[in-house]
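Computed from heavy atoms alone, side chains included, the values below leave out hydrogens, waters and symmetry copies. Naming: A, B, ... by sequence-line order, numbering from 1 per chain.
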Amino acid sequence: DQQVKQNSPSLSVQEGRISILNCDYTNSMFDYFLWYKKYPAEGPTFLISISSIKDKNEDGRFTVFLNKSAKHLSLHIVPSQPGDSAVYFCAARGSGNTPLVFGKGTRLSVIA
Amino acid sequence: DTGVSQDPRHKITKRGQNVTFRCDPISEHNRLYWYRQTLGQGPEFLTYFQNEAQLEKSRLLSDRFSAERPKGSFSTLEIQRTEQGDSAMYLCASSLRWGRSNTGELFFGEGSRLTVL
């Protein structure tokens, strides 16, 4: 069963506009959420995270929003740049020693 | 040492052969993870170590798979009697123990791509 779901396999956005990537989860024990970015032939790199005690975390052009009641989080990128084109993975973990659980990813294409 | 390194980057083998991958984590990280990624999927957890102790194994890790981290530094992942379904990208990641890094961030290597013919 997929505990972390990214239902949009791909997203296309024009340069300068906002990109919104969505993620849903089913496990109510998850208490930390992360977004990773992956370019072809490279490993995933950490982008931004949020604890379950918060509903928003911002880092430059990247903002993550968490809605615990809906078990939903989203990543906003504004303004989007061509270099943001990559696959974005949502990941979550519970407390203690539990490993990260990843979604299937969303491929973002930012068109100049 | 600026990151996690994996070797080899690519491995092509025939079905039934054994393969071994090596991972060198970031030196101060005491946790080391192995994940597998297939086309169209996100990374799937296989196993992880804290220092030299293997603390958890996924049910994805069949008896043909074995991982070691003998001195709490580098790790190896061996696949015996490879099958075509083992073709995937094998990703290694390292981190500090939860609590010392409040992001829970994993640092990934570039992966070892296995193709089983």
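For the 3.5 Å distance criterion, the side chains of B:Gln54 and B:Thr47 qualify, holding a donor opposite an acceptor. For the residue pair A:Asp24 / A:Thr26, no side-chain donor-acceptor distance below 3.5 Å is found, with atom types taken as modelled.
Nearest approach of A:Phe46 to A:Tyr36, heavy atoms of both residues: N-CD2, 3.4 Å. Between A:Phe89 and B:Gly42, the closest heavy-atom pair is CE2-CA, 3.5 Å. Heavy-atom minimum distance, A:Val64 versus A:Ser49: CG1-O, 3.8 Å. For B:Leu32 against B:Ser73, the heavy-atom pair with the smallest separation is CD1-O, 3.9 Å. Minimum interatomic distance between A:Phe33 and A:Asp31 (heavy atoms only, all atoms of both residues): CE1-C, 4.1 Å.
Comparing A:Cys90, A:Ser51, A:Gly43 by heavy-atom pairs within less than 4.5 Å of chain B, the highest count is held by A:Gly43. Between chain A and the options B:Arg9, B:Arg113, B:Gln37, heavy-atom pairs under 4.5 Å are most frequent for B:Gln37.
For residues 101-112 of chain A, heavy-atom neighbours of chain B at less than 4.5 Å comprise A:Phe102, A:Gly103, A:Lys104, sorted by residue number. Heavy-atom neighbours of chain A within the stretch residues 80-88 of chain B, taken at a separation under 4.5 angstrom, are nonexistent.
Side-chain atoms of A:Gln3 do not come within 3.5 Å of backbone N or O of A:Ala92 as any donor-acceptor pair.
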Please lay out, stage by stage, how B:Tyr48 and B:Tyr33 fare under the test ring pair (Phe, Tyr, Trp, His ring centres under 6.0 Å). CA-CA 4 Å; B:Tyr48 90 94; B:Tyr33 300 79; 5.0 Å; yes
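Atom SG in B:Cys92 sits 10.5 Å away from atom CZ in B:Arg22 (nearest 0.5 Å).
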